[in-house]
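The figures here come from the full heavy-atom set of this structure, side chains too, leaving out hydrogens, waters and symmetry mates. Just so we're on the same page: letters track the sequence lines, and every chain starts at 1.
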2 protein chains.
Amino acid sequence: MAIPTPGRPVRGSRSGAPIMALFDLLGRRWGMGILWRLSEGPCTFRELQTRCETISPTILNRRLKELREALLIERCADGYKLTDLGAELYGLLVPLGSYARTWAACLRAETDEA
Amino acid sequence: MAIPTPGRPVRGSRSGAPIMALFDLLGRRWGMGILWRLSEGPCTFRELQTRCETISPTILNRRLKELREALLIERCADGYKLTDLGAELYGLLVPLGSYARTWAACLRAETDEA
DNA sequence: CCCATTGCTACATTTAATGTAGCATAGCCG
DNA sequence: CGGCTATGCTACATTAAATGTAGCAATGGG
């Protein structure tokens with residue numbers, strides 16, 4: 001699957017709105033998860049596979065290719081790492097971490113009362 | 001597909017880390033796009049379908065069910081709208097909009113020079 | 001009653017993800 | 001050198017998810 005290109009039709013925008021292209025890319029399975037795990041530090045393919053806990057090498061490899069093409073990650077001596085552009089994106093995802101805990105608490109509360 | 005439940009195994013975390021559960025949910029096709037479009041204001045199923053430009057009713061309906069179950073959106077007189085929890089999440093996605101434009105510019109630059 | 005709009009569902013097809021096995025290369029150690 | 005380990009993958013068969021089109025049942029006018 002080719003990477004979504006801003007300016008060309010993407011899922012959610014026939015005109016290729018950048019945000020929709022980004023959502024299309026990050027919305028692929030494991031997309032954000034890989035960025036998140038890689039933010040813990042550069043690592044090898046196999047180490048990344050371990051960090052992701054349940055990813056298959058097939059899909060890890062495909063996402064890595066896409067994310068490299070999208071300039072978010074790159075190869076290095078230790079295997080793979082975030083580019084500056086990727087690190088910047090990661091920075092925007094960080095707040096989702098604490099939000100997720102709030103969200104989880106709400107879900108639990110809802111489930112309990114039901 | 002059941003919604004990923006924090007605390008139970010999800011993609012990326014056997015122990016169910018909230019952030020991975022959230023990534024699993026938002027990482028489903030159209031997940032973030034629907035939130036984004038709904039943030040423009042409450043609307044009907046069909047209007048939302050139009051805003052999304054290219055979504056099929058099948059998958060729109062499925063995502064709506066999931067997002068409702070996840071307490072991010074709810075039904076209202078006008079059709080659907082974000083819950084407070086969903087609006088809060090949307091707030092965290094907003095910065096991705098301007099980031100996406102930067103990212104698009106970098107991609108274009110890269111493509112041009114190659 | 002007729003027509004338009006609503007929120008969907010059915011179903012057939014295409015595409016993506018999974019899981020397991022294993023190969024080819026590179027580096028060490030004796 | 002031979003044998004071991006780790007690396008980055010790829011092949012392939014299976015399952016699951018997304019797509020696209022058609023259309024139905026319900027509601028609310030006029």
For residues 42-49 of chain B, dump all side-chain donor-acceptor pairs below 3.5 Å to protein atoms at least two apart in sequence or in another chain.
| residue | atom | partner | partner atom | Å |
| --- | --- | --- | --- | --- |
| B:T44 | OG1 | B:E47 | N | 3.0 |
| B:E47 | OE2 | B:R51 | NE | 3.0 |

Could you pull out every donor-acceptor pair under 3.5 Å between side chains of residues 92-101 of chain B and any protein atom, sequence neighbours left out?
| residue | atom | partner | partner atom | Å |
| --- | --- | --- | --- | --- |
| B:S98 | OG | B:P95 | O | 3.3 |
| B:Y99 | OH | A:L85 | O | 2.8 |

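Computed from C1' positions of five pairs at each end, the angle between the two local axes of the helix from C:dC1-D:dG30 to C:dG30-D:dC1 equals 20°, rounded to 10 degrees.
Taking B:T54 as the reference, A:R14, B:W30 meet the side-chain contact (heavy atoms from CB on, under 4.5 Å) condition, with sequence neighbours excluded. Remark: B:S15 pairs with B:S13 by the side chain to side chain donor-acceptor pair (under 3.5 Å) rule, at least two apart or across chains. Shown here are the ring pair (Phe, Tyr, Trp, His ring centres under 6.0 Å) partners of B:Y90, two or more places apart in sequence or in another chain: B:W36. B:T5 pairs by the side-chain contact (heavy atoms from CB on, under 4.5 Å) definition with B:R8, not counting sequence neighbours. Every residue meeting the side chain to side chain donor-acceptor pair (under 3.5 Å) condition with A:R28, not counting sequence neighbours, appears here in chain and number order: A:E66.
Taken residue by residue, residues 63-85 of chain A places heavy atoms nearer than 4.0 Å to DNA chain C at A:R63. Proximity of residues 11-32 of chain B to DNA chain C (heavy atom under 4.0 angstrom from any strand atom) is restricted to B:R11, B:R29.
If you check C:dT9, D:dA18, D:dC9 against the side chain of B:N61, the one that comes closest is C:dT9.
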Just by protein heavy atoms under 4.0 Å, how would nucleotides 21-30 of chain D read 5' to 3' in B, S and -? BB--------
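Residue pairs meeting the salt bridge (Lys or Arg N to Asp or Glu O under 4.0 Å) criterion with at least one member in residues 77-95 of chain A, sequence neighbours excluded: A:E74-A:K81.
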